Structure formats: C-alpha cells, structure tokens
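Written below as structure tokens is the structure these notes are about.
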Amino acid sequence: MRKAVALAAGLLILLFVNYGIYGRERLLTEGQVVLLELSPVDPRSIMQGDYMRLNFEVADEAFPVGSKQRSDGHIVVALDARGVGRFRRFANSRPLAPNEVSLRYRVRGGQPNFATNAFFFEEGQAKAFEEARFGEFRVGADGEMILTGLRGPRLEPLKARAE
C-alpha cells in the first residue's frame with residue numbers, strides 16, 4: 001500500500017512539473033513578442049557570475065518614487081509599430097485596445113519585477129551585452145512573461161560572442 005501511495009504521489013508531482021514546463025514552452029512558441037526599454041546596471045556577483053541587473057522604463061513610469069501601488073497585478077502597455085511597449089495604465093475591467101498588451105508584475109522587496117530583474121550570461125561575455133537597451137519578452141494572453149533576450153539601440157538581437 002505504501003509503495004502505491006508513494007508511486008501515485010511521485011506521478012502526481014511529475015504531472016504538475018511537466019504541465020508547468022509545457023506551459024512555459026507554449027509561451028515561448030506562441031507568446032506575443034513585446035520589447036521593453038530598460039535601464040541596465042552591470043554588477044558582478046561572486047556567487048552567480050556575470051549578470052546585468054534590469055530595470056524597465058515602464059516600471060519607472062507605473063511606479064514613480066513615492067507611489068502607493070505596491071502589490072502584484074497587471075499593467076497595460078501600448079505597443080508602437082516596432083513592438084516597444086509604453087506604459088498606458090493599470091489593468092482594470094476596461095478591454096484592451098488592439099495595440100495594447102497586459103503585463104503581469106510581481107512586487108518583491110518593494111520593487112516591481114516583470115518576469116525577472118536580471119539577465120545572466122557567461123563570464124567574459126559582458127562586452128556583448130553592453131549596448132543592451134531593450135528586453136525582449138514573450139507574453140501570453142494572461143500577461144505572463146518570459147525574458148527571451150536583450151536587444152540593442154536599433155532593436156538588433158544581442159548574442160554572446162564566440163571566443
């Protein structure tokens with residue numbers, strides 16, 4: 001009996017994990033591409049290696065210094081012709097316009113995060129990402145986001161360089 005319960009629990013855990021992976025894979029393949037302007041800072045962590053701390057312009061616009069809105073939620077951004085999102089408003093019951101996208105944010109440590117607040121890269125690749133001006137995201141209909149890369153000032157994708 002114990003073995004059957006342990007096996008059922010193990011299978012249930014695997015089911016939940018695989019469902020989460022499936023959802024993320026669908027988001028990567030079917031999610032809408034949205035670009036958010038960023039204000040990067042290039043720190044180095046002894047434990048984590050090289051990374052770029054990310055702060056997004058939409059966060060600065062939605063949450064100005066001293067603002068009271070500090071709980072998880074959604075904001076609405078308007079996309080320009082290039083796919084760059086600009087803060088429009090906080091999400092409410094009003095339907096989205098054709099050029100608007102809802103983005104989910106989470107507040108951690110008093111700061112809003114859109115999918116992530118850091119971009120990690122291999123040691124020695126910092127130069128390849130110095131020109132980063134935009135974060136590239138895949139966004140689902142529910143506002144869930146995945147950071148898929150960084151882009152330069154002309155929206156060109158930035159990649160690690162071969163050594």
Side-chain angles (χ1 to χ4, degrees), residues 23-92 94-163:
R24 290 297 195 189
E25 288 293 329
R26 272 190 68 206
L27 184 55
L28 283 172
T29 58
E30 299 173 12
Q32 180 178 1
V33 174
V34 173
L35 304 174
L36 296 180
E37 193 168 353
L38 51 89
S39 306
V41 179
D42 293 345
R44 178 172 168 75
S45 167
I46 293 172
M47 297 299 289
Q48 297 170 308
D50 288 339
Y51 73 103
M52 179 180 292
R53 190 169 159 273
L54 303 176
N55 181 41
F56 300 98
E57 293 290 326
V58 295
D60 295 341
E61 294 169 8
F63 302 95
V65 176
S67 70
K68 303 272 190 254
Q69 179 82 23
R70 292 295 180 194
S71 60
D72 296 359
H74 289 80
I75 65 165
V76 175
V77 296
L79 300 180
D80 66 15
R82 304 174 306 157
V84 176
R86 301 279 179 226
F87 175 71
R88 176 75 51 95
R89 60 187 162 83
F90 283 93
N92 54 24
R94 194 166 79 200
L96 297 174
N99 69 328
E100 292 181 334
V101 177
S102 175
L103 306 178
R104 181 172 185 194
Y105 65 87
R106 292 175 177 88
V107 176
R108 300 295 181 262
Q111 298 299 315
N113 291 328
F114 294 91
T116 185
N117 64 353
F119 181 77
F120 291 87
F121 46 84
E122 289 183 41
E123 188 172 339
Q125 292 293 327
K127 194 120 181 102
F129 299 101
E130 280 180 345
E131 296 293 314
R133 296 296 175 268
F134 298 89
E136 177 185 305
F137 292 88
R138 290 288 182 150
V139 180
D142 60 355
E144 283 296 323
M145 307 167 62
I146 294 179
L147 179 67
T148 56
L150 297 179
R151 296 207 182 182
R154 294 172 303 285
L155 301 181
E156 71 279 10
L158 301 177
K159 306 278 185 207
R161 296 188 175 121
E163 295 184 44

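Sequence positions, counted from 1, serve as the residue numbers for this chain. The figures that follow rest on heavy atoms only: side chains count, while hydrogens, waters and symmetry mates do not. The structure displayed is predicted, hence computed values, not measured ones.
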Answer with yes or no after comparing the ring centroid distance for Phe90 and Phe63 against a 6.0 Å cut-off, counting only values under it.
->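 Ring centres of Phe63 and Phe90 closer than 6.0 Å.
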For Glu61, enumerate each residue passing the salt bridge (charged side-chain N to carboxylate O under 4.0 Å, His left out) test, keeping only those at least two apart in sequence or located in another chain.
->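 In terms of salt bridge (charged side-chain N to carboxylate O under 4.0 Å, His left out), with neighbours along the sequence ignored, Glu61 is linked to no residue.
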Salt bridge (charged side-chain N to carboxylate O under 4.0 Å, His left out) partners of Asp80, counting only residues at least two apart =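 So Asp80 forms a salt bridge (charged side-chain N to carboxylate O under 4.0 Å, His left out) with Arg82.
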Does Tyr105 reach the main-chain N or O of Ala115 with its side chain, forming a donor-acceptor pair under 3.5 Å?
->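 Here the side-chain-to-backbone pair does not exist.
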Donor-acceptor contact present, side-chain Asp72 to main-chain Val107, <3.5 Å =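 At least one qualifying donor-acceptor pair exists.
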Residues forming a ring pair (Phe, Tyr, Trp, His ring centres under 6.0 Å) with Phe134, sequence neighbours excluded =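 Ring pair (Phe, Tyr, Trp, His ring centres under 6.0 Å) list for Phe134, sorted by chain: empty.
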[X] [atom1] to [Y] [atom2] distance, which is reported to the nearest 0.5 Å:
{"X": "Ser102", "Y": "Arg88", "atom1": "OG", "atom2": "CZ", "answer": "13.0 Å"}
{"X": "Arg86", "Y": "Glu37", "atom1": "CZ", "atom2": "CD", "answer": "5.0 Å"}
{"X": "Leu38", "Y": "Asp60", "atom1": "CG", "atom2": "CG", "answer": "10.5 Å"}
{"X": "Phe56", "Y": "Thr116", "atom1": "CZ", "atom2": "OG1", "answer": "7.5 Å"}

Got a sec, which residues hit side chain to side chain donor-acceptor pair (under 3.5 Å) with Asn99, two or more places apart in sequence or on another chain?
->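 Residues passing side chain to side chain donor-acceptor pair (under 3.5 Å) with Asn99: none at all.
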Using the test side chain to side chain donor-acceptor pair (under 3.5 Å), find all partners of Glu144 that sit at least two apart in sequence or belong to another chain.
->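 Partners of Glu144 under the side chain to side chain donor-acceptor pair (under 3.5 Å) test: Arg104, Arg106.
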Please lay out, stage by stage, how Leu36 and Met145 fare under the test side-chain contact (heavy atoms from CB on, under 4.5 Å).
-> CA-CA 12 Å; Leu36 296 180; Met145 307 167 62; 4.0 Å; yes
Donor-acceptor pairs are to be reported for all side-chain atoms of residues 147-157 against protein atoms at under 3.5 Å, with residues two or more places apart or in another chain.
from: Thr148; atom 1: OG1; to: Glu136; atom 2: O; distance (Å): 3.1
from: Thr148; atom 1: OG1; to: Glu136; atom 2: OE2; distance (Å): 2.9
from: Arg151; atom 1: NE; to: Glu136; atom 2: OE1; distance (Å): 2.6
from: Arg151; atom 1: NH1; to: Leu155; atom 2: O; distance (Å): 3.3
from: Arg151; atom 1: NH2; to: Glu136; atom 2: OE1; distance (Å): 2.7
from: Glu156; atom 1: OE1; to: Arg154; atom 2: N; distance (Å): 2.9

Taking the side chain as every heavy atom from C-beta outward, state whether Phe114 and Leu54 have any atom pair closer than 4.5 Å.
->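 Of all side-chain heavy-atom pairs linking Leu54 with Phe114, none is under 4.5 Å.
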Is the closest side-chain heavy-atom distance between Gln32 and Leu79 below 4.5 Å?
->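 A side-chain contact under 4.5 Å exists here.
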